[in-house]
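Atoms considered below: every heavy atom in the structure, side chains included; atoms not considered: hydrogens, waters and symmetry mates. Keep in mind that this is a model prediction, so the values were computed, not measured.
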Amino acid sequence: MVEDTYDAAVINQCAALAAKDSGSARQAIELLREGGDIATERDGVITEQIIAEAQKNIERGKIKDAIKDLTVHGKHALLALSQLTEDTGGDVRTKEVYQFYEYLCEYNGTDPLVSDRLRDQLDDLAMLGFASKYEHNEGRRGGRYNTYESNQAVGVVQDVLVDIELPDERYRQQTL
């Protein structure tokens with residue numbers, strides 16, 4: 001590394017962040033590389049704040065890659081779930097997600113899946129870490145049902161979908 005292009009604490013910060021997450025030296029190097037790219041665009045000095053920004057950029061890139069791999073219906077389901085989670089402040093029932101999901105499909109010119117297939121999409125989102133699934137059993141009267149909660153902020157989901165799918169920002173307009 002070139003002298004005076006980084007704070008001494010930056011190396012320790014990268015190592016600590018990598019150790020906390022995966023313990024991988026590659027991750028520390030990736031953080032440092034991303035920090036260097038950001039610093040080059042600015043004043044040329046890698047600071048702890050730039051490393052924190054680099055970490056956010058790397059995480060966003062991973063989320064973007066994972067969302068990119070979802071089916072169209074998976075993307076609609078994720079957006080619907082993220083929006084409803086934000087609106088309600090917690091988990092939502094499948095039928096609520098389905099109503100908003102149907103609206104998104106109609107708006108974007110896609111035929112919606114039946115509710116059982118949407119439930120499969122939500123289960124996939126939970127398996128991939130985009131959502132949390134909660135099973136409820138309220139006995140004979142209430143029955144058994146699932147609720148879901150998005151682990152991704154709706155703004156992040158919208159930004160990623162706009163970046164990878166729709167440059168005309170149709171997804172960003174999908175608020176209730």
Side-chain angles (χ1 to χ4, degrees), residues 14 17-38 41 51-88 90-135 145-176:
C14 289
L17 288 170
K20 182 176 146 185
D21 187 28
S22 68
S24 168
R26 285 189 185 121
Q27 186 176 4
I29 292 168
E30 184 180 9
L31 270 171
L32 197 54
R33 183 194 52 76
E34 179 69 19
D37 290 346
I38 294 170
E41 294 172 4
I51 293 299
E53 186 178 333
Q55 183 181 24
K56 288 180 184 174
N57 288 352
I58 290 168
E59 288 173 9
R60 186 176 186 278
K62 289 177 183 176
I63 292 168
K64 183 177 180 177
D65 290 344
I67 290 175
K68 209 183 256 188
D69 291 340
L70 294 175
T71 65
V72 170
H73 294 286
K75 292 170 188 172
H76 291 332
L78 178 60
L79 180 57
L81 180 60
S82 298
Q83 182 66 56
L84 291 170
T85 297
E86 184 174 288
D87 291 348
T88 64
D91 53 330
V92 291
R93 291 184 76 153
T94 307
K95 69 179 184 177
E96 296 172 69
V97 178
Y98 188 74
Q99 291 170 345
F100 192 35
Y101 160 81
E102 275 187 314
Y103 166 74
L104 288 173
C105 287
E106 180 182 315
Y107 184 85
N108 289 295
T110 307
D111 291 331
L113 300 172
V114 296
S115 62
D116 286 346
R117 296 296 68 84
L118 176 67
R119 191 172 299 112
D120 293 342
Q121 293 289 326
L122 293 171
D123 288 343
D124 288 347
L125 291 174
M127 183 185 69
L128 293 169
F130 286 115
S132 296
K133 176 182 177 179
Y134 306 102
E135 296 180 15
Y145 62 93
N146 297 323
T147 57
Y148 297 85
E149 183 175 11
S150 177
N151 295 332
Q152 302 298 320
V154 68
V156 171
V157 174
Q158 287 173 330
D159 289 345
V160 168
L161 289 173
V162 167
D163 286 350
I164 65 175
E165 290 287 319
L166 300 167
D168 64 358
E169 298 194 14
R170 283 186 286 174
Y171 277 112
R172 197 177 304 283
Q173 300 168 6
Q174 301 309 309
T175 56
L176 291 177

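- Ile63 CD1 to Phe130 CZ: the interatomic distance, rounded to the nearest 0.5 Å, is 7.0 Å.
- Residues His76 and Cys105 share a closest heavy-atom pair of CD2-SG, 3.6 Å.
- Other residues, nucleotides and ligands contribute over 12 non-hydrogen atoms within 6.0 Å of the CG atom of Asp116.
- For Tyr134, the ring-ring contact (aromatic ring centres under 6.0 Å, His included) criterion is met by no residue, not counting sequence neighbours.
- Here the NZ-CZ distance, from Lys64 to Arg60, works out to 6.0 Å after rounding to the nearest 0.5 Å.
- The minimum heavy-atom distance linking Gln152 with Gly129 is given by the pair NE2-O, 4.4 Å.
- Checking side-chain atoms of Ser150 against main-chain N and O of Thr85 turns up no donor-acceptor pair under 3.5 Å.
- Considering all non-hydrogen atoms of both residues, Leu118 and Ala77 come closest at CD1-CB, 3.6 Å.
- Between the side chain of Gln121 and the backbone N or O of Gly74, at least one donor-acceptor pair lies under 3.5 Å.
- Separating the NZ atom in Lys75 from the OG1 atom in Thr110 is a distance of 10.5 Å, to the nearest 0.5 Å.
- Between Asp123 and Arg119 there is no salt bridge, since no side-chain N of the basic residue sits under 4.0 Å from a carboxylate O of the acidic one.
- Within a 6.0 Å sphere centred on CD of Glu106, heavy atoms belonging to other residues, nucleotides or ligands number 12 at most.
- Remark: Asp120 CG to His73 NE2 distance equals 12.5 Å, nearest 0.5 Å.
- Looking only at distances, no side-chain donor or acceptor of Tyr101 sits under 3.5 Å from a matching main-chain atom of Leu81.
- Inter-residue side-chain proximity for Arg33 and Glu30 is flagged as met; some heavy-atom pair is nearer than 4.5 Å.
- In terms of heavy atoms, Val157 sits closest to Ser82 at CG2-OG, 3.4 Å.
- Taken to the nearest 0.5 Å, the NZ atom of Lys20 stands 10.5 Å off from the CD atom of Gln27.
- The two residues Glu102 and Pro112 have their closest heavy-atom pair at CG-CB, 4.2 Å.
- Minimum heavy-atom separation, Leu17 to Leu31: CB-CD1, 3.8 Å.
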